[in-house]
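Reading through the structure tokens given below for one structure.
Nothing here was measured: the structure is a model prediction, and the numbers come from that model. To find a chain, count down the sequence lines: A is the first, B the second, and so on, and within it residues start at 1.
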Amino acid sequence: MTSRDLILGKVRRALHRDGVEPGPVTAIAESLLSEPELGRPPLPEGDLRSLFASRVTLPQIGGTVCVVEDLRDVPAAVRIYLEEHGTESPVALQPDPDLMQLDWGGLAFTSGISPDQTVAIQKALWGIAETGTLIFHSAPNCATLFSFLPLHHIVVLEAKHIVAYLEDYAVAAGHMAVPRNANLITGPSGTTDIEGSLARGAHGPGFLHIIIVDKRD
Amino acid sequence: MTALETDFKPFKTRVEDALANRTLKVAIERTTGTARLKRAAAVSTWPNFAGARDLGRRIKDHVTSNLDHYLIEFERNAIASGAKVHWASTAEEACEIVVDICKAANAKSVTRSKSMLGEEIGLPLALEKAGITRVETDLAEHIVQLAGDKPSHIIWPALHRTREEVAELFRKHHHTPQNSDEIPAMVRSARRQLREAFLRADVGISGANFLIADSGAVCTVTNEGNAELTTTIPRVHIVTAGIEKLVPSLRHAMVLLRLLVRSATGADFTQYTTFHCGPKRPGDADGPEEFHIVLVDNGRTHMLGGDLNDMLRCLRCGACMNHCVVYRQIGGHAYGGTYPGPMGSVLTPELDGLAGSRDLVHACTLNGNCQQVCPVDIPLPTLLRGWREKSWNEGLEPRSVRRALWFWAFAARHPFLYRMATAVAVRVLRLFGEAGWVRSMPMAKGWTSHRDFPKPASRTFMEQYRAAQRRARK
Amino acid sequence: MSLSPSSQMGFSGRPRVGLFVTCLVDLIRPRIGFAALALLEQAGCDVVVPEAQTCCGQPAFNSGASDHARALAKNLIKAFELFDYIVVPSGSCAGMIKLHYKELFKSEPAWRDRAIALAGRTYELLSFLTDVRSYTPAGVSLKAVATYHDSCSGLRELGIEKQPRQLLSNVQGLSLKPLAGHDVCCGFGGTFCVKYPSISNAIVEEKARDIESTGAELLLGGDLGCLMNMAGKLHRNGSKVRAYHAAEVIAGMADGPALGEETSF
Ligand code: SF4
């Protein structure tokens, strides 16, 4: 007997059954979530963009935020950030069409991302107001390591892609193919492993800067 | 002395060692104290946390009572995503599977991101025996590995080490350590040191916080980002996961994630919550070429439907130990098992046998704080009491205890006899006392070696009450 | 005679209360029993102290000796089931009767039913006074600064937290200082404190420090076991803090000797 049969056999013996109709089980699972409010804390009043921004900049989360009106303003915002942090080294840019088509002026880029990358720029698929979370799905033009190797992680997020709750993301993601990696990122890397005291940049980025693009009309 | 050595000592000796270690007490309090405050703050900002906690309990119970369904659904979807799914009945089998995968991949070096299941099945030792270099990448596990320790907490495995001790370790083991006791500098040093290991590794091994049945994805949560570096860079990613980790869908996982993180660290969400689904896809810029999931039973099917069924809800958040008065005094190593604290005292007898862990189930005041803070309402005191009953019924309790309880129960069943015995007892007790207190009593050293015992009144309540009744009748 | 509890109501319409003093109070500190008696009478109850009472069986239950625990539970059920209420000056023993008796009789349905019926009428003293009898102490005064420790069973099993404070707030001259960790176990744990004395000691050592740092002169609580543990530690450490069961204070009996002070009564 394989271990698979052995384990499933023991499970079924413990549950006193030989098999199971999937339909009813799925229905019960669904009914557990019939009151979504039960499973989450209420969001404070406010528009999603400001809720997101105020969350992600909380000291315990540690992100920084700036808002620009148009995607075309992103390069300037990046330059300001780099100047503020005194980094001139070449930047890794995610080969995302929206980012690629921007006029980056004289900014130097690396090809791909290197293990000791100082800065990487990525575009997030969604932001979540509830938790201040950014979401990335791995794809040919979205390498997972962009979010983890650099010291400074700069993320472009369009305000229209900010949703209220984690579940809103789950529902939206449910309409697309499951990615190899879905990364939900909430602030820069941190650790409390030494005496419970928080230190940034444990393995992932030490800095997370979010440029929110909010078209005003 | 390392934790590995303490294992062979009896529980009471381990406890004495721990209690004598003042630094340990300071270290435990620094981390768990912060954790308690932060958890309380996080919970207080969620008006209906109790409702969510109850929902969490129902989700987990639903999964355990349909575990066959979810295992099959998960397996089917995981395979469809390109993952290889393995099943392991026992710890040994699970280790064998992992080692075989490493060997087939010709792996010399593996990175691991913290997984309590890995500790439970003895994976570190199995890799070592197979001659495979293992690098722990979670900062705490890295400290534990450098010190030759064992984890002493399921969330902060190195919580027993003070910053000074960590600085010392890093000075000894890191290539370019900073001569500093400052925590950020130590963290930077570990970052440099481990970055190399991430790049060198052939295989990355992680655990799983949740297995998502309807997509076949594996969820890991970390704050450091080490899980993603462990699982994205090497050619092979191996997940070891207990079969109780299943959840129906991503939406169910979100509810549990909220409960887990708040209970564990007091944050609302971890910095990195990642859903891994299969190997690298065509065109992907990174990701592992092989993706293996090892589903581990190791006693879980034995708990299913039995006395410990509730324990299968456990999210491994560590809140129960942060709030445990016993854990806070003796720390994790004194427990001697993989899992410390209240949840450990419930699991260790199941994993390692009751005879050797009888002390664990008794060394608890049953004050109930653990259940109160448990995000899925596991009745830990009741489960511990269940073990005590088993221990009693199997005759594992010492003769002295059995005899004392027998006499007490016999007397208490016979009120007349009981009245006489208690009347004598208070008079005898009073002989040991002076000025109201008994400072030392031969039969009650356990009490009087640490505290005074209040000298009883000269007559029992019942004697006095009866006398008063008689007076009133006259 | 009918066995239904309500028929036990006295002529006056006053509820008939069976007072279970608990084995510790019987043995160590009868004053708490008399305080309970007085308070219940003031709160308009006819109080009886059944002779057949001994121990609720909790030590056996928590030691895993369910057979012994069941025997004692049956004893107690028989002694008390004819009363309108059973009142106990201890959250831990009340919790045992209210919550755990039914677990003990999982496979004895007849006893289980009796246990459940009794559980519904079982109350811890202080919460009974406030919640069932709406009792407010009147004319009691005690000039003192006190602090209050919440014993775990009362707090977590029965949800008793406000009631003792509410009663104590009506004692004139008494001021209550908050105790850091008032809801953290004192390390007593019944037989735990003698089975694992050094762990218990480490816990109560911390508790004693917290109590001392409130600056209070009195330590109050609702469970004699925990009070003995804390007071015994405080006394061993040479502390001046004196301990009373809250019922003694509310009954105006706190002018007498505190726990461990020489007494014949
Ligand atoms: S028993 Fe509850 S509190 Fe303890 S680790 Fe498990 S989920 Fe967390």
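The candidate with the highest count of non-hydrogen atom pairs below 4.5 Å against chain B, out of G196(A), G206(A), P41(A), G19(A), is P41(A). Here V178(A) is the residue among V178(A), I113(A), T26(A) with the most heavy-atom pairs under 4.5 Å with chain B. Each of E21(A), H16(A), E35(A), E30(A) has some count of heavy-atom pairs under 4.5 Å with chain B, and the biggest count is that of E30(A). The candidate from P22(A), P140(A), P36(A) with the greatest count of non-hydrogen atom pairs under 4.5 Å with chain B is P140(A). Considering only heavy-atom pairs separated by less than 4.5 Å from chain B, the leading option among T144(A), L198(A), V20(A), V25(A) is V25(A). Of the residues considered (P205(A), G132(A), A143(A), A173(A)), A143(A) shows the highest number of contacts with chain B, using heavy-atom pairs under 4.5 Å.
Taking each heavy atom of V11(A) and D68(B) in turn, the nearest pair found is CG1-N, 3.5 Å.
Atom CG of L33(A) is separated from atom CG of L55(B) by 6.5 Å, given to the nearest 0.5 angstrom. Taking CD of Q271(B) as the start and CD1 of I185(A) as the end, the distance is 10.5 Å to the nearest 0.5 Å.
Heavy atoms closer than 4.5 Å to chain B are found in the side chain of T131(A), but not in its backbone. For a residue to count as touching a neighbouring chain, one of its non-hydrogen atoms must lie under 4.5 Å from one of that chain's; by this rule A29(A) touches chain B with backbone and side chain alike. Contacts between P95(A) and chain B at a heavy-atom distance below 4.5 Å are absent for every atom of the residue. At a 4.5 Å heavy-atom cutoff, T2(A) makes no contact with chain B through either its backbone or its side chain. The contact between L149(A) and chain B is made by backbone and side chain atoms together, counting heavy-atom distances below 4.5 Å. Of the two parts of L145(A), the backbone and the side chain both hold a non-hydrogen atom closer than 4.5 Å to a non-hydrogen atom of chain B. Only the backbone of I155(B) comes within less than 4.5 Å of a heavy atom in chain A; its side chain stays farther off. Only the side chain of Y70(B) comes within contact range of chain A, judged by heavy atoms closer than 4.5 Å. In this structure, the portions of I59(B) lying under 4.5 Å from any heavy atom of chain A include both its backbone and its side chain. With a 4.5 Å cut-off on non-hydrogen atoms, Y169(A) touches chain B through its side chain but not through its backbone. Both the backbone and the side chain of L67(B) come within contact range of chain A, with heavy atoms under 4.5 Å apart. Within the 4.5 angstrom heavy-atom criterion, only side-chain atoms of F198(B), from C-beta onward, approach chain A. With a threshold of 4.5 angstrom between heavy atoms, T265(B) does not approach chain A through any atom at all. Residue A27(B) does not touch chain A at all, counting heavy-atom pairs closer than 4.5 Å. Looking at I243(B), the atoms closer than 4.5 Å to chain A (heavy atoms on both sides) all sit in the side chain, from C-beta outward. Neither the backbone nor the side chain of T231(B) has a heavy atom closer than 4.5 Å to any heavy atom of chain A.
At a threshold of 4.5 Å between non-hydrogen side-chain atoms, the residues P179(A) and C277(B) do not count as touching. Using a 4.5 Å heavy-atom cutoff, the side chains of R191(B) and T191(A) are not in contact. In this structure, the side chains of I194(A) and I143(B) come closer than 4.5 Å at one or more pairs of heavy atoms. R40(A) has its side chain out of reach of V255(B): every pair of non-hydrogen atoms, C-beta onward, lies at least 4.5 Å apart. Residues E228(B) and N181(A) form no side-chain contact, since every pair of their non-hydrogen atoms from C-beta on lies 4.5 Å or further apart. By the 4.5 Å heavy-atom criterion applied to side chains, I7(A) and S89(B) are counted as neighbours. Side-chain contact between T273(B) and T186(A) is absent, with no heavy-atom pair separated by less than 4.5 Å.
Side-chain contact, S3(A) with E93(B): a donor N or O sits under 3.5 Å from an acceptor N or O. For the residue pair R17(A) / N66(B), a side-chain donor-acceptor distance below 3.5 Å is found, with atom types taken as modelled. Inspection of the N183(A) and T274(B) side chains reveals an N or O donor paired with an N or O acceptor under 3.5 Å.
Within the 3.5 Å criterion, the main-chain N or O of R163(B) finds a donor-acceptor partner in the side chain of E195(A). Proximity of a side-chain donor or acceptor of H203(A) to a complementary backbone N or O of T137(B) within less than 3.5 Å is detected. Not a single donor-acceptor pair under 3.5 Å links the side chain of Y272(B) to the backbone N or O of L184(A).
Taking a 6.0 Å sphere around CG of D18(A), one finds it holds 12 or fewer heavy atoms contributed by other residues, nucleotides or ligands. Within a 6.0 Å radius of CD in Q60(A), more than 12 heavy atoms belonging to other residues, nucleotides or ligands are found. At most 12 heavy atoms of other shown residues, nucleotides or ligands fall within 6.0 angstrom of atom NE2 in H302(B).
Contact check on E167(A) versus R251(B) returns no salt bridge, with no Lys/Arg side-chain nitrogen under 4.0 Å from an Asp/Glu carboxylate oxygen. Using a 4.0 Å cut-off between charged nitrogen and carboxylate oxygen, R180(A) and D286(B) count as a salt-bridge pair.
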Given E75(B) and R4(A), is the salt bridge (charged side-chain N to carboxylate O under 4.0 Å, His left out) satisfied, shown in steps? CA-CA 11 Å; E75(B) 181 192 40; R4(A) 181 183 187 277; 2.6 Å; yes

CA sep, side-chain torsions, deciding dist, call: L38(A), R58(B), side chain to side chain contact (heavy atoms under 4.5 Å, CB included): CA-CA 12 Å; L38(A) 200 55; R58(B) 286 186 283 136; 3.6 Å; yes

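For residues 115-130 of chain A, heavy-atom neighbours of chain B at less than 4.5 Å comprise P115(A), E130(A), sorted by residue number.
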